[in-house]
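Let me begin by presenting the structure, written as structure tokens, before commenting on it.
Remember, it's 1-based here, ligands and their atoms both numbered in the order they're listed. All residue numbers in this chain count up from 1 along the given sequence. Nothing here was measured: the structure is a model prediction, and the numbers come from that model.
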Amino acid sequence: MEKIVSLCKRRGFIFQASEIYGGLNGVWDYGPLGTELKNNLKQYWWKVIVHDRDDVVGLDGSILTHPAALKASGHVDTFTDPMVDCRTCKARLRADQLAEKHGTKQCPNCGGKDLTEARPFNLMFQTQMGASVDPASIAYLRPETAQSIFVQFKNVLDVSRKKLPFGIAQIGKAFRNEINPRNFTFRSREFEQMELEYFCRPEQGMDLLAYWLKERIRFYEEIGINRKRLHILDVPDKDRAFYSKGTFDIEYEFPFGRQELEGVAYRTDYDLQQHIKSSGKTLDYFDEETKERFVPHVVEPSAGVDRTVLALICDAYDEDSAPDEKGKMETRIVMRFHPRMAPIKCAVFPLLKNKEALVAKARKVQALLRSHMNVFYDEGGAIGRRYRRQDEIGTPFGVTIDFETVGEKGEELRDTVTLRDRDSMKQERVAIKDLVETISSKIR
Ligand code: GAP
């Protein structure tokens, strides 16, 4: 994991937030490449879940949330983790994550055994709305994106005129005051979720749970996650929320252990019923054909953006060997991102930076590709080094403009370039006019 964390910082995927002030625990900033990777993930999720389907529409709800909504959802009263204090070093610890030595719980920081009784700690961040400081001005930063979907169910239904089953999807920030943020970005205090609430008739719930589990596994395969490192946990009755009739966790084998990426849960009609009770408003559905009025049930695939980005990075990291400038084999770090997810799709290199014809042609090729994909132009250093730099950030294709391209080695090779594949390191000669289609077909 250290190698991955170090690469993330060195190459600009992920930085600790407020680093120059000593860092903010459990909060992260995404650098230039991390931002591209994260955007590619979110855009692909949105395409598959919303744009490619007729039965899902989107929502972008607010982060600041009415306390009544989170009281109704149960978050105000029960969204807690058990917390203990270490009386020796004053650390605050999650009671269910304490190490045990000879049957006694210990503080992981100082080894102290003088711990307080466990007590519930609410994970929500509370804030104040407006100038007056009184209980009526309390608002919360949302702990999940899901609740705004339930609260806006009726408005979205009215404007979209969808028939059951149909879904409302959302990507956005969520906040949890985790007692022990850890494992790099895995458990953060500020993170993003990609959630779908798929509403249905009660009798469709269990079948749709199985359907969405399959769809979601397919998604992870499509973004290049190795299927062998994905696992499905059928969450047993005792560990499921009391209102859920079935929950599957999709887990990934991170270097620090097998951990949850996404939960796919059949939540019955619990959330809508809670909001009906608390708000006094009707949040039901009228079936034109059967003339029935009822509260829909819901199946929820809920994925973490940051956890999936971390899984993409861990899954892509590889080391192999490649010849250096003198032909001596050296270790090559290569991020084997699926081209669909790679932050930069293609790098463009003039073979030599002091040959004007090569540089001018390379700039033209960059301009040609730019309107179709994220490209990077690099003329600095030996070509082998430039390839290595791109391998390390997972750029799947490299285009080199050489003397053949500008017609110095015969007319038949004019306007052709070498196209290098990151994984095989093989190069093929491709006509510039075919470049866009050749690369685009692999990154879509
Ligand atoms: N609406 C259901 C819900 O929020 P959850 O299992 O609490 O369910 C869903 O969260 C997903 O959100 C998790 O599978 C995980 O990917 C992500 N997530 C939850 N807490 C997180 C945290 N502290 N840091 C990063 N991601 C988190």
Side-chain angles (χ1 to χ4, degrees), residues 14 17 24-28 30 38 41-42 45 59 61 63 65 69-70 72-75 78-81 94 97 121-125 140-151 153 167-199 209 212-213 216-217 219-220 223 225 230-233 235 239-241 243-244 246-252 254 256 258-268 270-272 274-275 298-314:
I14 301 171
L24 199 54
N25 195 10
V27 188
W28 302 93
Y30 287 78
K38 202 179 187 197
L41 170 67
K42 290 192 284 185
W45 187 91
L59 182 78
I63 286 169
T65 307
L70 294 167
S73 65
H75 285 90
T78 59
F79 194 56
T80 57
D81 273 341
R94 243 178 87 162
Q97 287 172 357
F121 172 76
N122 194 294
L123 298 181
M124 284 199 297
F125 283 95
Y140 293 101
L141 304 192
R142 63 183 176 189
E144 59 174 18
T145 60
Q147 291 310 318
S148 53
I149 297 182
F150 297 124
V151 169
F153 169 76
I168 306 176
Q170 178 166 207
I171 299 178
K173 290 264 185 179
F175 300 82
R176 296 182 189 178
N177 195 2
E178 299 285 354
I179 300 168
N180 293 137
R182 56 185 186 163
N183 290 330
F184 199 21
T185 57
F186 180 82
R187 192 172 301 287
S188 307
R189 289 183 168 140
E190 174 176 339
F191 55 96
E192 272 185 279
Q193 292 184 313
M194 306 180 282
E195 295 198 295
L196 168 67
E197 305 302 327
Y198 196 74
F199 299 97
L209 176 67
W212 278 109
L213 177 64
R216 297 304 302 143
I217 292 288
F219 173 86
Y220 289 107
I223 60 171
I225 301 274
L230 286 172
H231 301 275
I232 297 168
L233 172 75
V235 180
D239 297 334
R240 271 202 317 260
Y243 49 79
S244 168
T247 299
F248 293 100
D249 284 349
I250 300 176
E251 299 178 326
Y252 177 75
F254 286 99
F256 45 83
R258 191 187 284 193
Q259 297 280 354
E260 178 189 331
L261 275 186
E262 168 163 354
V264 186
Y266 173 25
R267 297 174 70 114
T268 65
Y270 174 77
D271 302 272
L272 285 180
Q274 287 297 107
H275 289 298
V298 75
V299 173
E300 176 199 68
S302 169
V305 174
D306 309 76
R307 283 190 189 177
T308 309
V309 167
L310 188 58
L312 285 169
I313 290 173
C314 293

Of all residues at least two apart in sequence or in a different chain, which pass the ring pair (Phe, Tyr, Trp, His ring centres under 6.0 Å) check with Phe186?
Phe254, Phe256
Between Asp306 and Tyr30, is there a side-chain donor-acceptor contact under 3.5 Å, judged purely by atom types and distance?
yes
For Arg267 and ligand 1, answer yes if some heavy atom of the residue is under 4.0 Å from a ligand atom, otherwise no.
yes
N/O separation below 3.5 Å, Leu261 to ligand 1
yes
Results of side chain to side chain contact (heavy atoms under 4.5 Å, CB included) for Ala169 - residues two or more places apart only
Trp45, Trp46, Ile49, Val50, Val56, Leu196
Looking only at protein heavy atoms, which one is nearest to atom 14 (O) of ligand 1, and what is the separation?
Glu260 OE2, 2.6 Å
Of all protein heavy atoms, the one nearest atom 26 (N) of ligand 1 is Arg307 NE, 3.4 Å
Any N or O of Ser188 that comes nearer than 3.5 Å to an N or O of ligand 1?
yes
Can you tell me the protein heavy atom closest to atom 1 (N) of ligand 1 and the distance?
Glu195 OE2, 2.5 Å
May I ask you to test the Phe199-Ile168 pair for a side-chain heavy-atom distance under 4.5 Å?
yes
Heavy atoms only, cut-off 4.0 Å: how does Thr308 contact ligand 1, side chain, backbone, both, or neither?
neither
Ala146, any N or O under 3.5 Å of ligand 1 N or O
no
Is it the case that the side chain of Gln274 and the backbone of Ala72 share a donor-acceptor pair, with hydrogens and angles ignored and the cut-off at 3.5 Å?
yes
Is any side-chain heavy atom of Phe150 closer than 4.5 Å to one of Arg267?
yes
For a salt bridge (charged side-chain N to carboxylate O under 4.0 Å, His left out) with Glu192, tell me which candidate from Lys173, Lys38, Arg307 qualifies.
Lys38
Winner among Arg189, Arg176, Glu300 once heavy atoms are compared against atom 4 (O) of ligand 1
Arg176
So which protein heavy atom does atom 25 (C) of ligand 1 come closest to, and at what separation?
Phe186 O, 3.1 Å
Can you tell me the protein heavy atom closest to atom 12 (O) of ligand 1 and the distance?
Gln193 NE2, 3.2 Å
Is there a polar contact, in the sense of an N or O pair closer than 3.5 Å, between Gly304 and ligand 1?
yes
If you define the side chain from C-beta out and look only at heavy atoms, does anything of Asp81 sit under 4.5 Å from Glu178?
yes
Proximal atoms of ligand 1 relative to Glu262 (non-hydrogen, under 4.0 Å):
14 (O)
Nearest non-hydrogen protein atom to atom 18 (N) of ligand 1, with distance, is Phe191 CE1, 3.5 Å
Stepwise ring pair (Phe, Tyr, Trp, His ring centres under 6.0 Å) check, Trp212 with Phe248
CA-CA 10 Å; Trp212 278 109; Phe248 293 100; over 10 Å; no
Would Gln147 and Thr65 count as having a side-chain donor-acceptor pair, cut-off 3.5 Å?
no
Please list, in number order, the atoms of ligand 1 under 4.0 Å from a heavy atom of Glu144.
1 (N), 2 (C), 3 (C), 4 (O)
Atom 8 (O) of ligand 1: the protein heavy-atom neighbour that sits closest, reported with distance to 0.1 Å:
Ser302 OG, 3.9 Å
